[in-house]
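So the structure is just underneath, and the comments pick up after that.
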Amino acid sequence: MTFQKPSHTFTKIHLKALHTNSFHILFFLSFTVFINTLGMAQELPKKQTPILPKTEQEAMKVTIDADSILKPVVNIQETDSTQQDTLPKKKEFLTDVVNYKALGYVSLNQKFKQTTLYDQAEVNYQDMSIKSGIIVIDHNKNLVYAGRLKDSAGVYSQAPTFKQGANLVEPDSIIFNTETKKALIFNSRTEQSGGYIIADITKKENDSVYFINRGKFTTSENREDPEFYFLMRKAKIVPDKKVVTGLTNMYIYNVPTPIGLPFAYFPLTKKQTSGILFPTFGQDSRRGYNLQNGGYYFAISDYVDLAAYADYYTNGSYGFRTESNYAIRYKFRGNFGFRYENLINSERGFPDYSKSSIYNLRWSHSQDSKANPSSRFSASVNLGSSKYYQESVNQINASNFLNNTLSSSVSYSKSFTGEPQVNMSVTATHSQNTRTQQIDMTLPTFQGSVSRIFPFAPKVGTKKGIIDNINFQYNINAQNRISTTDSLFFKKEMFDEARMGVQQTIPLSTNFKVFKYFSVSANTNFEENWTFNTVRKYYDEEANQILTQDLTGFDSFRTYNFSTSIGTTIYGMFNLQKKGKDTKIKAIRHIMRPSISYNINPSFDEYYDTFDYITANGDITRAEYSRFEESLYGAPNKNFSSSLGLSLGNNIEAKVRDRDSTKTEPKKIILLNNLNFSTSYNFAGDSLQWSPVRVSGGTQLFNNKMSVNFGMTLDPYALDNNNRRIAKFNIDNGGSPFRMTSASLNLSYSLSSDTFSGIKEPDQRAIDESVRSGGRADDLFGKPQNFADDRLGDEEPEKDTDVKSEFYNFTIPWSLRIAYAVNYSNSARQNEISSNSLMFSGDIDLSPRWTVGVSSGYDFKNQGFTYTQLRFERDLLSWRMNFSWIPFSQRSSWNFFIGIKSSLLKDIKYDKQREPDQRL
C-alpha cells in the first residue's frame with residue numbers, strides 16, 4: 001500500500017512547544033480542535049495553555065511510548081487532573097468520549113509530529129463519524145488529512161466518508177486546517193434534499209458555506225456515471241438551504257446541451273416550500289396558443305397545502321383551478337379541488353360564436369377509525385356543470401365524458417353508548433344526470449334509531465322461544481329533498497320545489513324454531529308520516545281542465561303491515577368416489593335454502609278523496625286522488641294485498657383431487673356461488689296474481705380469475721295482440737310455461753403473465769382519481785393522465801430489478817382485463833339484444849423500461865369500437881416519457897410528455913398535446 005499526499009498545502013501555523021513526553025496528549029487536543037470546527041465541541045481559546053495531567057496513566061487507559069504501534073481500538077476519556085489542586089478548574093476541552101480504531105495500526109510519531117490511523121480508520125465523536133483508509137494529523141502544520149489507500153495495482157479503496165447527523169459527504173480525500181477551520185475536499189459526493197452534488201474541488205469556508213469548482217448537480221441515482229447533470233462552473237452551497245451558481249447548462253450523458261442559464265438558484269430543503277409552478281405552452285385549433293398549469297404552490301403548513309393553477313388562451317378563454325391536500329395523522333385526511341373555465345368558441349360576429357362558463361367542485365374527506373369510535377365524519381363530493389367533462393379542455397381524466405352521473409355525499413354520524421344504544425346521522429346528498437341535467441339533492445337527511453329492545457328477555461341466559469325473542473326498535477327519517485335542473489342550481493328558484501317530511505317506524509318482530517330445523521320469523525311494522533307538502537285537485541269548469549293546487553302546512557298519515565316467513569337449510573352430498581379408484585371429483589355438495597313468506601298490506605282508503613269532472617265526450621266521471629301523492633314519501637297504499645312469497649337459494653360446491661400430491665385432503669371449489677329463484681302470489685288480486693319468476697346467479701371460474709353473473713325474468717302470463725299482459729297463462733295460449741321477458745349476462749376476467757402467482761395490480765393512484773371524478777374503479781374506460789401534473793406521478797411503481805437486459809425482456813410481463821355484458825329484451829315481443837359490448841384493457845412490458853397499454857371495447861350491436869386509448873411509456877431512469885393517444889371518436893387527441901421524475905426538478909419538462917378537432 002502507498003499513501004498519496006495531495007499537492008495542496010496551507011500556510012504553516014506554528015504551535016507553542018509542548019513537553020515531549022506529553023506528545024500523545026497533543027494529538028487529542030489537536031483532534032478536539034478539528035471536531036470543534038465541525039460544530040460538535042467548544043472552541044479552544046487561541047492563547048490558552050492546556051493543563052496537562054500529572055501522569056500519563058491518568059490520561060489514558062493504556063500506557064504507550066513514543067513511535068509505538070497502538071492497539072486497533074482505543075477509547076480515550078479525559079481525566080480531571082486538578083482534583084487535588086487549589087487552582088480553579090478550567091473548562092474541559094472534550095464533552096464526550098472519543099472513540100477511534102484502525103484495522104491496521106495507530107502510530108504516534110514524535111519526530112515528524114504526526115499521528116497516523118491506517119486501514120479502515122474510524123473516528124467517532126457524538127453524532128460525528130469519519131471513516132477512511134488512512135487518517136493523518138500533522139501537528140506542525142495544523143492539518144488533518146483523510147484519504148484513500150492505493151494497492152500495488154494502482155486501485156484505490158476505502159474512500160473517506162464524513163457523516164454528521166443526517167448529512168453525508170463522500171470525497172476522495174480531505175485536507176482540513178484546524179486553526180483557520182477551512183478545508184479542501186477533493187471529488188466530493190453529497191446528497192442534498194433529493195439531489196446529488198459531485199464536485200472536483202470543494203472549499204469549506206465554514207460550517208454552513210461551501211464553494212465548489214466545476215460541480216455537477218443531478219437527481220440521478222447513478223453517482224458514478226449520471227445520465228444527466230447540470231455543470232456548475234462556480235457555485236456556492238449552503239447545506240439544506242440553497243445552491244447558487246453562475247453559468248450552468250445541462251449535460252446528457254456528458255454531452256452538453258443548449259439548455260442552460262447564466263445563473264441559477266436551486267432550493268435545498270427537506271420540508272415542503274412555496275414556489276412558482278411553471279406553465280406548459282401549447283396550441284389549440286379552436287382557442288389559439290395557450291399557457292396551461294401555471295401558478296403558485298403554497299406550503300401552508302405540515303398539515304395542509306394549496307396549489308393554484310391558471311390557464312390562458314389567446315382567443316380570450318381562461319380558466320383556473322385549486323388543489324389542496326390536508327392530513328393529520330391518526331385523525332383525518334382529505335383533498336379539495338375547484339375548477340372553473342370560461343370558454344370562448346370561434347370569433348365574435350360569426351354564427352358559431354359562443355361563450356360558456358363551466359365549473360367542477362370535488363371534495364374527499366375520510367376520518368381515521370382510531371380518531372373517535374363513537375362519531376364519524378366523511379365526505380365525497382363531485383358536483384358542478386353537467387357539461388364540464390364534455391367541454392373542459394384541461395382535465396386529468398379525459399374519459400370522464402363517458403360518465404352520466406355525478407354524485408356527492410357528506411355525512412356525520414354519532415353513537416351514544418348505553419342500553420339501548422342510540423344512533424344518529426346527518427347526511428347531505430347530491431345526484432346529477434349529466435345528460436338530462438336533472439339534479440336531486442337532500443339538504444339534509446336526518447336519521448335516528450334506537451337499538452333493539454327485548455322486553456321479555458331473561459336477565460341471565462339465552463333467549464329461547466317466541467316470547468323471549470320479541471323485540472322492537474324505533475327509527476326516524478327526516479328529509480328536505482330538492483329537485484332542480486342545472487340552469488337553476490344554487491339559485492333561489494331551486495328551493496321553491498323543496499319537499500320536506502318526517503317518517504317514523506316502529507318494527508316489532510320475533511323469531512323461533514319449529515320442528516327443530518325450521519326457523520320462523522314474524523314481523524309487524526307501524527309507520528307514521530309527517531309532511532309539509534300536500535295537494536288539492538279539482539275540476540275547473542271555466543277552463544274545462546283538472547287543476548292541482550299545492551298546499552303547505554303540516555299533515556300526516558299512518559300505515560301498518562304484517563309479514564311472516566319460515567325457512568330452513570337442506571344439505572345434500574353426492575359421493576362420486578369409487579372404491580379402488582382415485583377419481584378427480586370426489587364429491588359434490590348441494591346446499592338449498594327454501595323459504596316461504598306471507599305478507600298483508602291493508603288498504604287505507606280514508607286518505608283518498610274524489611271529485612267529478614266532465615270528459616271530452618260530455619260524460620261526468622269521478623276521479624280519485626290522495627292529497628299525499630306528491631309528498632316526500634308518497635301516498636299510502638290503497639289496494640289491499642295478501643301475498644305469498646316463494647324463494648329458493650342454491651349453492652353448489654365440489655371436492656376435487658388437489659394438484660399438489662403432498663396434500664392428502666381434497667380441494668374445495670365453488671361451482672355456483674348462488675342460484676336464486678323467487679316469485680309471489682297475490683291472493684287478493686282479481687287477475688295476474690302470479691308475479692314473474694326472477695332468476696339470478698353467479699360464480700367464479702378459472703381459479704377465481706373470471707366472475708360470471710347472470711339473471712333473467714320469466715313471465716307465466718301471455719300477451720294479447722296489443723302486447724299487453726292478460727290473465728291467461730302462456731302455456732294455455734299455445735306457448736311455453738314461461739315467457740322470457742329479459743335476461744342479462746356479465747363476465748369479467750383478469751389475467752396476466754403471473755396468473756398463477758398473482759394479478760398485476762393496476763395503478764391505485766389512477767383508480768382513486770377516476771373514482772373521485774365519478775368514473776369506474778378500473779381502467780376499462782382509459783387511465784387518468786395529465787403528464788404535466790405530478791400528483792399522479794410522484795411515486796414511481798417498483799420495477800423488477802432481476803432482469804437480464806435493458807433492451808430485451810425475455811419474460812415480457814403483461815396483464816389483461818376483460819368485461820363483457822349482453823342484455824336481452826322481450827317484454828313486448830321485440831325479441832332483441834338491447835346491448836352487447838366487450839370492453840378490455842391491457843398492458844405489456846416490451847422491455848424492462850418500455851410499457852405499452854390500451855383501453856378499448858367493441859359494441860357488437862352498433863358494430864363499432866368504443867372509446868379507445870393507447871398508452872406508451874418509457875422509463876428513462878431519472879426521466880420519464882409518456883405518450884397517450886385517442887385515435888378516433890369525437891375526442892381524438894394525443895398528449896406527449898418528457899420530464900425529470902424528481903419533484904426537485906419537475907419543472908424541467910416538455911409537454912405537447914393536440915386537442916380534439918372542432919366539430920361544425
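Every value quoted in this text rests on a predicted model; they were computed, and no experiment measured them.
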Pair F840, S856 - check side-chain contact (heavy atoms from CB on, under 4.5 Å), show working. CA-CA 6 Å; F840 57 88; S856 185; 3.6 Å; yes
Intermediate values then yes/no, side-chain contact (heavy atoms from CB on, under 4.5 Å), L648 and L675: CA-CA 8 Å; L648 175 64; L675 178 61; over 6 Å; no
Start with the C-alpha distance between T866 and D859, add both sets of side-chain angles, then the distance that settles side-chain hydrogen bond (donor to acceptor under 3.5 Å, both in side chains), and finish with yes or no. CA-CA 7 Å; T866 61; D859 190 338; over 6 Å; no
Is there a side-chain contact (heavy atoms from CB on, under 4.5 Å) between M712 and S744 once you walk through the steps? CA-CA 6 Å; M712 67 181 71; S744 63; over 6 Å; no
Show your working on side-chain hydrogen bond (donor to acceptor under 3.5 Å, both in side chains) between S835 and N823 and close with a plain yes or no. CA-CA 5 Å; S835 63; N823 293 278; 2.8 Å; yes
Stepwise side-chain contact (heavy atoms from CB on, under 4.5 Å) check, Q437 with S487: CA-CA 8 Å; Q437 300 187 11; S487 59; 5.7 Å; no
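Looking at R321 and E341, no side-chain N of the basic residue comes within less than 4.0 Å of a carboxylate O on the acidic one, giving no salt bridge. Salt bridge absent: D732 and K728 never bring a charged side-chain N and a carboxylate O closer than 4.0 Å.
Environment of CZ in R435: sparse, with no more than 12 heavy atoms of neighbouring residues, nucleotides or ligands closer than 6.0 Å. Taking a 6.0 Å sphere around CZ of R376, one finds it holds more than 12 heavy atoms contributed by other residues, nucleotides or ligands. More than 12 heavy atoms of other residues, nucleotides or ligands shown are found within 6.0 angstrom of CD1 on I570. No more than 12 heavy-atom neighbours from other residues, nucleotides or ligands sit within 6.0 angstrom of CD on Q863. The number of heavy-atom neighbours closer than 6.0 Å to NZ of K861, taken from other residues, nucleotides and ligands shown, is above 12. In F865, the CZ atom is not crowded: 12 or fewer heavy atoms of neighbouring residues, nucleotides or ligands sit closer than 6.0 Å.
Put simply, NZ on K668 and NZ on K655 are 8.0 Å apart, with the number rounded to the nearest 0.5 Å. Taken from OH in Y867 to OG in S855, the straight-line distance is 9.0 Å, to the nearest 0.5 Å. With values rounded to the nearest 0.5 angstrom, N477 atom CG is found 9.5 Å from T427 atom OG1. Between atom CZ of residue F883 and atom CD of residue E873 there is a gap of 13.5 Å, rounded to the nearest 0.5 Å. Note that CG of L870 and CZ of F872 are 5.5 Å apart. Values are rounded to the nearest 0.5 Å. In this structure, the separation between CE on M740 and CG on L714 is 6.0 Å, given to the nearest 0.5 Å.
A donor and an acceptor atom, one from each side chain of N673 and T699, are nowhere located under 3.5 Å apart. With hydrogens and angles left out, the side-chain atoms of Q367 and H365 include no donor and acceptor closer than 3.5 Å. At a cut-off of 3.5 Å, with distance as the only test, no side-chain donor of S407 or T405 sits close to an acceptor on the other residue. At a cut-off of 3.5 Å, with distance as the only test, a side-chain donor of Q700 or S707 sits close to an acceptor on the other residue. Side chains of R829 and N723: a donor on one and an acceptor on the other come within 3.5 Å. For the residue pair S378 / S411, a side-chain donor-acceptor distance below 3.5 Å is found, with atom types taken as modelled. For the residue pair S521/S565, the side-chain donor-acceptor check at 3.5 Å is satisfied. No donor-acceptor contact under 3.5 angstrom links the side chains of N360 and Y340, judged on distance only. With 3.5 Å as the limit, one finds a donor-acceptor pair spanning the side chains of T851 and D845. Of the N and O atoms on the side chains of Y681 and Q689, at least one donor lies less than 3.5 Å from an acceptor on the other residue. S827 and T741 share no side-chain donor-acceptor pair at under 3.5 Å.
With a 4.5 Å cut-off on side-chain heavy atoms, V852 and L846 count as touching. I585 places a side-chain heavy atom less than 4.5 Å from the side chain of V656. By the 4.5 Å heavy-atom criterion applied to side chains, P692 and T679 are not counted as neighbours. Taking 4.5 Å as the limit, every side-chain heavy atom of Q479 sits out of range of all side-chain heavy atoms of R499. Counting heavy atoms from C-beta outward, Y598 and S643 have side chains that stay 4.5 Å or more apart. Under the 4.5 Å side-chain criterion, counting only non-hydrogen atoms from C-beta, T713 is not in contact with V693. You'll find the side chain of L672 stays beyond 4.5 Å of the side chain of N650, heavy atoms only. With a 4.5 Å cut-off on side-chain heavy atoms, R871 and D843 count as touching.
Remark: of the listed residues L383, I439, T434, T434 is the sole one forming a side-chain contact (heavy atoms from CB on, under 4.5 Å) with L406. Across D486, N404, T436, a single residue satisfies side-chain hydrogen bond (donor to acceptor under 3.5 Å, both in side chains) together with S386, and that is D486. Considering N561, N599, N682 in turn, N682 is the only one that fulfils the side-chain contact (heavy atoms from CB on, under 4.5 Å) rule with S641.
Residues satisfying the ring pair (Phe, Tyr, Trp, His ring centres under 6.0 Å) criterion with F860, sequence neighbours excluded, are Y858. Listed by chain and number, the residues in a side-chain hydrogen bond (donor to acceptor under 3.5 Å, both in side chains) with D715 are R725, R739 (sequence neighbours excluded).
Judged purely by atom type and a 3.5 angstrom limit, N480 uses its side chain to pair as donor or acceptor with the backbone of L443. Side-chain atoms of S736 come within 3.5 Å of backbone N or O of F738 as a donor-acceptor pair. Panel note: side chain N862, backbone G864; no donor-acceptor pair is recorded below 3.5 Å.
Of all heavy-atom pairs between W690 and P716, the closest is CB-CG, 4.1 Å. Nearest heavy-atom pair across S483 and Q438 is CB-NE2, 3.8 Å.
For Y388 and Y359, the distance between ring centers is not under 6.0 angstrom.
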